[in-house]
There are 2 protein chains.
Amino acid sequence: MKHRDRTETNLLDPRLLRLFDALFTTGSVTKAAEKLGQSQPTISIWLARLRAELDDPLFIRSAKGMLPTPRAEALIGTARQALEMLRRLAELRTDFDPTTAKRRFAICMTDGSHVTLLPSILAHVRRVAPGVRIEATQIGADTPRMLQSGEADVALGYISDLDAGHFQQALFPQDWVCLANAKHARIRDRITAKDFRREAHVLIRSGTGHQLLAGALQEQQIVLDVALELPGFLGLPAIVGTTDLLATLPRHIGETLAHYYGLRVLNCPLPIAGFTVKQYWHARFHHDPASQWLRGLCAELFQQQEVRGLHRSGRPKKRVPRDLQSQ
Amino acid sequence: MKHRDRTETNLLDPRLLRLFDALFTTGSVTKAAEKLGQSQPTISIWLARLRAELDDPLFIRSAKGMLPTPRAEALIGTARQALEMLRRLAELRTDFDPTTAKRRFAICMTDGSHVTLLPSILAHVRRVAPGVRIEATQIGADTPRMLQSGEADVALGYISDLDAGHFQQALFPQDWVCLANAKHARIRDRITAKDFRREAHVLIRSGTGHQLLAGALQEQQIVLDVALELPGFLGLPAIVGTTDLLATLPRHIGETLAHYYGLRVLNCPLPIAGFTVKQYWHARFHHDPASQWLRGLCAELFQQQEVRGLHRSGRPKKRVPRDLQSQ
DNA sequence: ATCCATTATTGTGAATCGCAATGAAGCACC
DNA sequence: GGTGCTTCATTGCGATTCACAATAATGGAT
């Protein structure tokens with residue numbers, strides 16, 4: 001059948017367990033063969049192997065059929081338990097039912113996403129998955145480690161240099177806008193590059209976008225008149241709404257804040273590289289039904305179009321999950 | 001690995017279960033290979049098969065080694081339980097310890113054996129196996145069926161035409177003797193054929209020996225003067241001890257009765273075929289430790305020399321158990 | 001002794017196995 | 001970004017095992 005394992009007692013092949021069960025039940029090698037879908041000679045050979053491995057004749061031929069020995073009777077219970085356990089192993093499925101699930105999902109995101117993405121996620125989850133709790137955590141240097149360890153389930157945003165072993169899916173593209181006071185004395189429906197250089201600005205010193213903005217300014221050797229720097233978005237709408245300062249932001253957060261606070265949104269005159277907001281997760285969880293549900297939810301809520309990830313050797317280094325597209 | 005069973009979900013090969021366990025424990029295909037005594041490529045192939053059969057990657061490569069997926073974590077407990085059950089199956093032994101055993105043994109025997117064999121068996125059993133109970137049952141036409149079904153464990157005596165599926169072991173040979181009153185008026189130290197024909201006799205109309213005796217008489221056309229027929233041995237000693245009647249018996253029972261009741265034992269002048277007292281048991285119980293113990297006991301108590309059983313096609317129809325000789 | 005149904009054995013073409021050799025991948029280091 | 005190391009995945013191939021048709025052996029009935 002197979003080479004004897006060098007390190008441990010030979011364990012019974014499941015087919016021999018099935019044979020044991022079938023022969024005990026039917027008392028006939030011929031009937032057991034039919035039951036197991038094999039020929040009678042094959043089953044006779046299996047019986048010989050079973051006898052050798054259990055060191056007992058197990059079944060003795062008689063006019064009444066094959067009768068079990070005391071050892072067969074002693075072993076059949078354990079054999080059937082082993083079979084049942086193997087069947088259970090083969091059949092075990094773990095589905096995820098949002099309507100009944102009780103678990104916590106940790107989502108890494110920038111604090112900007114607290115405004116743009118989290119409210120939609122939360123509203124949806126509260127409606128369809130009442131037992132689910134969402135925890136928002138910061139995107140940072142240890143986000144990849146948190147995704148791998150399972151401390152975080154998914155990351156939303158833009159991570160420029162993710163290790164192997166992670167999947168990513170594009171959600172929506174981002175370009176840049178300027179926010180201005182709706183009653184700004186000098187800025188009406190559009191802003192020129194000249195305006196942009198002249199006016200005073202407020203900067204947010206955090207998040208992915210900040211690094212891209214700073215890079216573009218340096219690249220184009222533009223020195224802005226930065227009247228104020230904020231560590232986050234919290235006070236930004238109040239500042240822009242009561243001063244003549246301009247703020248330059250990724251479109252999504254910009255339009256969202258403008259909407260809530262009655263600010264003016266203008267296309268940014270400065271050419272700044274856009275980027276794609278994506279969701280990221282570790283390959284360990286790729287097939288996990290719970291993780292699939294969460295990612296499907298985010299895709300449903302935020303996905304506009306898909307952009308292929310980076311490639312090497314014909315296979316994605318950071319793979320785009322095909323199955324998510326068919327969900 | 002092996003053809004997919006046609007009738008049922010494929011169950012995991014125990015080697016794959018061992019791999020699952022080893023990989024979960026070590027986090028390394030290379031280390032798992034060492035543990036399982038296979039090469040690394042072999043184990044990589046096994047892992048591929050495990051992944052296919054469980055429909056999940058199970059372990060994802062990372063700098064920390066192979067990390068389990070949620071499905072692997074969900075299945076490992078059941079996999080380990082299945083492994084444990086298989087090990088238990090491989091290791092299960094059923095010994096028989098006479099000093100502690102509590103069970104009943106049914107021994108088929110003629111009522112003559114109640115006198116010749118049972119007392120020795122009982123004395124021994126009471127000394128070394130206090131929890132064992134002996135039940136003596138009649139040897140008869142259904143003795144083979146009782147041996148096969150387990151209603152009887154062993155039969156002691158002479159069964160002339162036993163079916164297949166039974167073992168037998170010779171215990172001791174039997175020839176014939178005559179019993180006479182120690183104060184018999186005419187019979188002193190020897191009995192002639194003439195004496196035998198002239199004297200009145202008492203016959204026991206039961207047991208194996210009776211048929212042999214009757215056959216011999218008919219074959220030699222001898223008509224005995226039968227003054228009394230008894231259904232069994234019960235009253236025999238009293239009759240022979242108080243009359244001049246002769247009794248013709250197998251030697252063992254004859255000498256035993258003579259010993260107890262002070263009767264005279266004489267070699268039978270009539271040539272009557274001897275026979276061998278054997279113990280018989282069904283092949284189902286051949287390897288059963290309890291049955292082996294009982295048979296060993298009987299051999300120890302009664303065995304004098306061994307006579308081979310009948311043969312056909314080079315193999316005993318009623319097999320002589322070699323292993324019993326080495327016990 | 002013959003016959004029947006069932007189990008055991010044999011010979012063989014087909015399938016699968018384990019592993020050496022090597023490619024691919026993940027990461028540390030420069 | 002390139003290089004090197006360790007580990008996992010893949011390929012090709014000789015060796016081993018498999019299932020089964022054909023048939024022998026066996027247990028019992030007649």
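A, B, ... follow the sequence lines: proteins, then strands. Residue 1 opens every chain.
Taking every side-chain heavy atom of B:Ile45 into account, D:dT10 is the closest of C:dT7, D:dA19, D:dT10.
A donor-acceptor contact shorter than 3.5 Å links the side chain of A:Ser149 to the backbone of A:Met146. Here the side chain of B:Arg61 pairs no donor or acceptor atom with the backbone of B:Leu67 at under 3.5 angstrom. Checking side-chain atoms of A:Arg51 against main-chain N and O of A:Trp46 turns up no donor-acceptor pair under 3.5 Å. A:Asp153 places a side-chain N or O within 3.5 Å of a backbone atom of A:Ala106 that can act as its donor or acceptor partner.
Whole-Å rounding puts the A:Leu58 CG to C:dA8 P distance at 11 Å. Rounded to an integer number of Å, the gap from A:Leu16 CG to D:dT17 C1' is 14 Å. Whole-Å rounding puts the B:Glu34 CD to C:dC19 C1' distance at 15 Å. For the pair A:Leu36 CG and C:dT7 C1', the interatomic distance rounds to 16 Å; values are reported in whole Å. For the pair B:Asn10 CG and C:dT16 P, the computed distance is 12 Å after rounding to whole Å. The interatomic distance linking B:Met66 (CE) with C:dA25 (P) rounds to 14 Å, in whole Å. Note: CD (A:Gln40) to C1' (D:dA25) measures 12 Å, nearest angstrom. The distance from atom NZ of B:Lys31 to atom P of D:dC8 is 9 Å, rounded to the nearest whole Å.
For A:Ser28 and C:dT6, the shortest distance from a side-chain N or O to OP1 or OP2 is not below 4.0 Å. In terms of phosphate contacts, B:Arg145 brings no side-chain nitrogen or oxygen within less than 4.0 Å of OP1 or OP2 of D:dG28.
Residue order along DNA chain D, read from the 5' end via each residue's closest nucleotide, puts B:Arg51 first among B:Arg51 and B:His282. Where A:Thr42 and B:Gln148 each meet DNA chain D at their nearest nucleotide, the meeting point lying more 5' is that of A:Thr42. If you find the closest nucleotide of DNA chain C to A:Pro41 and to A:Arg61, the one lying nearer the 5' end belongs to A:Arg61.
At the heavy-atom level, B:Ile43 lies nowhere under 4.0 Å from the strands shown. If you check every strand for non-hydrogen atoms under 4.0 Å, B:Ser44 touches a base.
When only modelled atom types and interatomic distance are considered, A:Gln168 and A:Lys278 share a side-chain donor-acceptor pair under 3.5 Å.
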